[in-house]
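Residue numbers begin at 1 in each chain, while the letters A, B, ... track the order of the sequences.
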Number of protein chains: 4
Amino acid sequence: MSPADMPQARGERRKRSDARRNAQTLLDAAAAVFARAGIDAPVRDIAAEAGVGMGTVYRHFPTRPDLVVAVFRHQVDALAATPAGASGENPENPYEALRSWVARFTDFLVTKHGLPEALHSDQAGLESLHAEFVDRLVPVLDRLLRACVDAGRIRADVRPLDLMIAIGNLCIGADTFPGYRARHMVDVLLAGLLHHAPAPTDADRPRTPTAP
Amino acid sequence: MSPADMPQARGERRKRSDARRNAQTLLDAAAAVFARAGIDAPVRDIAAEAGVGMGTVYRHFPTRPDLVVAVFRHQVDALAATPAGASGENPENPYEALRSWVARFTDFLVTKHGLPEALHSDQAGLESLHAEFVDRLVPVLDRLLRACVDAGRIRADVRPLDLMIAIGNLCIGADTFPGYRARHMVDVLLAGLLHHAPAPTDADRPRTPTAP
Amino acid sequence: MSPADMPQARGERRKRSDARRNAQTLLDAAAAVFARAGIDAPVRDIAAEAGVGMGTVYRHFPTRPDLVVAVFRHQVDALAATPAGASGENPENPYEALRSWVARFTDFLVTKHGLPEALHSDQAGLESLHAEFVDRLVPVLDRLLRACVDAGRIRADVRPLDLMIAIGNLCIGADTFPGYRARHMVDVLLAGLLHHAPAPTDADRPRTPTAP
Amino acid sequence: MSPADMPQARGERRKRSDARRNAQTLLDAAAAVFARAGIDAPVRDIAAEAGVGMGTVYRHFPTRPDLVVAVFRHQVDALAATPAGASGENPENPYEALRSWVARFTDFLVTKHGLPEALHSDQAGLESLHAEFVDRLVPVLDRLLRACVDAGRIRADVRPLDLMIAIGNLCIGADTFPGYRARHMVDVLLAGLLHHAPAPTDADRPRTPTAP
DNA sequence: TATGAATGAGGTTTCATTCAT
DNA sequence: TATGAATGAAACCTCATTCAT
């Protein structure tokens with residue numbers, strides 16, 4: 001990733017590195033504006049935040065969805081790149097590995113506002129974000145969950161996709177409801193995966209007819 | 001409740017009841033359109049769905065957010081009005097009462113799309129929806145949760161507001177991710193509330209601290 | 001066509017007639033602006049010319065091409081509605097009938113600037129204008145030409161479509177080249193249809209090899 | 001004509017010839033793009049076609065119309081430079097000389113799409129194209145026509161400007177109406193110039209006055 | 001000198017809101 | 001009072017043109 005290891009002509013490089021810096025500036029600006037004003041923020045605002053003209057935005061991201069996707073794909077990639085128990089953290093405790101990765105997932109979602117909301121947007125052109133999210137993260141969660149199930153630690157009726165969406169959803173609302181503790185609720189959700197006593201919740205309710 | 005059996009100035013009375021009927025028609029139409037096309041659906045579409053002119057919409061709801069708030073306030077009120085365990089259903093099993101009410105809550109949110117999204121919308125004028133949501137539902141959940149805690153059934157570190165938002169969030173995404181099972185994830189979340197420290201299955205978790 | 005022969009409620013009629021008048025105003029304004037500034041004139045200019053807001057233009061003509069097509073379809077229809085020798089003008093002189101109709105055609109094209117140019121525009125959405133032009137006018141020209149050919153008056157190697165486009169083309173440029181006499185050139189073109197002496201042009205060139 | 005055999009200051013000379021080669025490349029590229037995508041093709045596309053940066057285009061042609069004018073001036077010049085009957089081809093058959101030159105004219109217009117359209121464009125800066133067209137070609141046509149008239153071959157009421165514009169116009173529409181036979185219609189137009197009053201077929205037209 | 005990134009005016013289209021009928 | 005036509009502020013996006021490198 002060092003800028004020196006590209007064996008090209010210097011003149012050409014200079015231009016390109018400028019442009020790349022600008023693209024990064026734009027991504028940062030867009031992330032900031034999205035976090036502040038939502039994914040539907042006008043492109044003009046993003047350009048202003050980045051301190052460039054609108055044309056520059058469109059040079060780097062030909063259409064509005066392209067920009068949105070770029071902003072969040074970046075984040076999704078970063079997430080997928082933390083390979084869960086990769087750092088060798090207690091492979092003999094799969095639930096702890098799950099919790100650890102999910103904590104990182106949650107931190108990411110809570111910090112960089114907007115990704116969960118973006119995933120639920122119905123704007124045309126955001127399908128690839130959708131796909132990216134699923135393709136990159138589901139396999140990770142799948143591995144983590146399967147390990148837990150195999151170890152008999154958690155219930156087997158929760159699919160990775162469901163869990164992933166659920167976690168993403170729980171992270172929505174950090175700035176809409178300032179007091180909302182997203183991380184805590186994710187923890188509760190994970191606790192709900194654990195095997196409880198004989199049966200999850202029914203064991204304690206001997207003769208209470210389950211309300212419809 | 002028949003509008004004819006009120007012995008007042010008939011013309012005025014008639015008009016007023018007509019207007020009220022119209023308002024209800026509009027709310028229904030708006031709910032339908034919101035569910036179909038999202039909260040950002042054009043006012044014109046709502047007027048068309050209701051079979052009235054746009055002027056009529058604005059007569060009843062001076063501004064667009066007013067209409068949105070009215071639509072969802074209606075639903076929130078309906079929710080708050082069914083206080084679940086209030087009608088005395090197994091007071092000796094508070095967790096079941098909680099589950100029952102939450103199930104109704106969830107059904108509502110899942111069926112009438114849009115409320116959770118609306119709650120997180122940053123559109124001006126929707127703050128009152130916010131407030132309504134909190135003011136009407138938090139007390140209900142508070143009662144239900146407190147009963148469970150008092151009975152020693154669930155952990156005490158979950159606040160009603162957090163739970164309410166979390167459940168609302170889990171219901172987002174029904175049509176964005178068609179396979180997503182919102183109700184199931186709400187169930188998992190509730191399971192996560194239960195004390196399982198003393199539960200038999202806990203024996204298998206040698207040295208993992210449960211708390212966050 | 002009298003406004004009285006519509007058996008509807010008066011209130012409804014009033015609105016509709018207003019709107020229709022407005023639509024006509026818009027068509028006139030658009031025709032004027034197109035003549036003055038070309039088919040690519042901004043919609044805003046047309047709205048200004050008509051003295052209405054831009055939204056009004058889009059209410060009546062949902063997209064820009066719709067407006068263009070409406071403006072010129074009107075004219076094409078008027079043209080097709082003059083059924084050539086319909087008024088019984090010397091059926092025994094088919095060439096005269098042809099000249100007469102073409103003269104009307106030419107007058108139309110020259111007066112209402114822009115139709116020929118519009119026909120050659122490659123803007124999306126103008127295909128229907130294209131089709132309209134061909135479908136409505138080719139049959140008329142076909143009848144007129146066939147009569148002439150059957151009477152042995154003109155050469156048989158000119159297709160109605162070619163002639164129609166050629167006449168339309170000759171009418172281009174009234175305001176680009178102020179001195180250009182379109183009508184005259186159309187007349188010359190028609191004269192070129194007539195059978196000349198033994199052979200159109202070769203008879204006079206006894207031993208000149210025809211250039212490729 | 002080889003750029004190398006000029007014994008001047010080599011560096012400067014080299015540059016100038018480079019620049020000239022570049023200008024020619026640009027003209028060719030622009031002509032190609034105009035033919036492919038119309039006169040309104042983006043400058044960027046032309047630069048790409050020429051394989052140069054956009055700045056290079058603007059170095060040679062300070063403004064867009066300048067480029068358009070240069071492209072077509074080039075073609076007009078080429079046309080005017082082939083004075084047809086000038087090289088003495090059958091001076092005793094002036095009509096054939098006219099036909100021959102017009103055929104070349106037509107081929108040019110049909111092949112290199114865009115010139116006729118450009119002539120009628122109302123874009124600012126294209127007036128000189130206008131003038132060039134008239135100044136260079138009208139004299140040629142004037143000579144050819146006068147010769148024909150003097151020889152008593154064609155009618156005397158057609159001015160060179162009219163004929164030039166008419167021919168140009170007839171060549172419009174090659175790609176809008178794929179079946180349109182422009183060359184054929186030009187032929188018909190030329191046939192219309194011929195005197196046919198004395199021609200035998202005229203006998204059948206009892207009482208139709210020919211003149212406009 | 002050549003490049004192509006940046007600029008920003010301008011064009012099309014949408015929709016909340018007003019108001020004449 | 002209800003209607004829906006009209007309004008016009010934005011939003012997106014496209015280039016002609018400039019200018020740092």
Side-chain angles (χ1 to χ4, degrees), chain A residues 10-23 26 40-45 47 50-65 67, chain B residues 15 18-19 22 40-48 51-65 67 123 125, chain C residues 10-23 26 40-45 47 50-65 67, chain D residues 15 18-19 22 40-48 51-65 67 123 125:
Chain A
R10 214 123 11 101
E12 199 189 5
R13 271 308 314 290
R14 181 62 61 88
K15 279 277 175 49
R16 210 178 280 172
S17 83
D18 268 26
R20 204 172 319 168
R21 175 164 38 250
N22 230 328
L26 276 172
D40 298 327
V43 170
R44 191 179 311 251
D45 291 0
V52 301
M54 281 183 358
T56 304
V57 180
Y58 282 95
R59 155 171 296 276
H60 290 278
F61 309 98
T63 102
R64 205 183 178 294
L67 175 57
Chain B
K15 277 204 189 127
D18 271 18
N22 239 334
D40 297 328
V43 172
R44 185 181 306 257
D45 290 0
I46 294 164
V52 303
M54 285 179 358
T56 305
V57 178
Y58 279 90
R59 164 168 303 276
H60 289 279
F61 307 98
T63 164
R64 200 182 179 291
L67 174 58
Q123 286 178 35
Chain C
R10 213 122 11 103
E12 200 189 5
R13 273 309 313 291
R14 181 60 64 87
K15 279 276 175 50
R16 209 177 281 174
S17 84
D18 267 25
R20 205 172 316 170
R21 173 163 41 249
N22 231 327
L26 276 172
D40 298 326
V43 171
R44 191 179 313 244
D45 291 359
V52 302
M54 282 183 357
T56 304
V57 179
Y58 281 93
R59 156 171 295 275
H60 289 278
F61 307 98
T63 106
R64 205 182 178 295
L67 174 58
Chain D
K15 277 208 189 123
D18 271 19
N22 240 333
D40 298 326
V43 171
R44 184 182 306 258
D45 291 1
I46 294 163
V52 302
M54 285 178 1
T56 305
V57 178
Y58 279 91
R59 162 168 305 276
H60 290 279
F61 307 98
T63 163
R64 202 185 178 290
L67 174 58
Q123 287 178 34

- [ ] For D/Tyr58 and D/Thr63, work out which heavy atoms get closest and say how close.
- [x] CE2-CA, 4.4 Å
TODO: Round to a whole Å and report the spacing from NE2 of A/His60 to P of F/dC13.
DONE: 16 Å
- [ ] Quick one: stems involving DNA chain E, counted as three or more successive Watson-Crick or G-U pairs, both distances short of 3.5 Å.
- [x] E:2-21 with F:2-21
Task: Phosphate OP1/OP2 of E/dA5 contacted by A/Asn22 side-chain N/O (<4.0 Å) - done: no
- [ ] Measure across B/Ala47 and B/Val57 and return the closest heavy-atom pair with its distance rounded to 0.1 Å.
- [x] CB-CG2, 3.8 Å
TODO: Please round to the nearest 0.5 Å and tell me the distance separating atom CG of D/Leu67 and atom NE2 of D/His60.
DONE: 11.0 Å
Open item on the list: Distance check, rounded to the nearest 0.5 Å: B/Thr56 atom OG1 versus B/Asn22 atom CG?
Closed with: 6.0 Å
Open item on the list: If you compare every side-chain N and O of D/Arg59 against the phosphate oxygens of E/dT1 (OP1, OP2), does one of them come in below 4.0 Å?
Closed with: yes
Task: Separation of F/dA5 P from B/Tyr58 OH (nearest whole Å) - done: 16 Å
- [ ] Take the protein atom CG of C/Asp45 and the nucleotide atom P of E/dG11, then report the distance between them rounded to whole Å.
- [x] 7 Å
Open item on the list: Which is more 5' along DNA chain E, the nucleotide nearest C/Pro42 or the one nearest A/Gly53? Just name the residue.
Closed with: A/Gly53
Task: Any A/Thr63 side-chain nitrogen or oxygen under 4.0 Å from OP1 or OP2 of F/dC12 - done: no
Open item on the list: Is the phosphate of F/dT7 approached by C/Thr56 (side-chain N or O, under 4.0 Å from OP1 or OP2)?
Closed with: yes
Task: Whole angstrom value for the distance that separates C1' of E/dA16 from CD of B/Gln123 - done: 11 Å
TODO: Look at the side chain of B/Val52 and decide which nucleotide, out of E/dT17, F/dT7, F/dT3, has an atom nearest to it.
DONE: F/dT3
Task: Closest-nucleotide ordering on DNA chain E, the 5'-leading residue of C/Arg64 and A/Ala23 - done: A/Ala23
Task: Residue mapping more 5' on DNA chain F - nearest nucleotide basis, A/Ala41 or B/Gly55 - done: B/Gly55
- [ ] Round to a whole Å and report the spacing from CE of A/Met54 to P of F/dC12.
- [x] 8 Å
- [ ] Kindly write out the residues that satisfy side-chain contact (heavy atoms from CB on, under 4.5 Å) with A/Arg64, not counting sequence neighbours, or none if the list is empty.
- [x] A/Phe34, A/Val43, A/Val68, A/Gln123
Task: Protein-nucleotide distance (A/Arg20, atom CZ; E/dG4, atom P), rounded to Å - done: 16 Å
Task: Whole-Å gap separating C1' (E/dT17) and CD1 (B/Ile46) - done: 14 Å
- [ ] Indicate whether OP1 or OP2 belonging to F/dG4 is found under 4.0 Å from a side-chain N or O atom of B/Arg44.
- [x] no
Task: Shortest non-hydrogen separation from A/Ala50 to A/Leu26 and the atoms involved - done: CB-CD2, 3.7 Å
Task: Rounded distance (Å) that lies between atom P of E/dT13 and atom CG of C/Leu67 - done: 10 Å
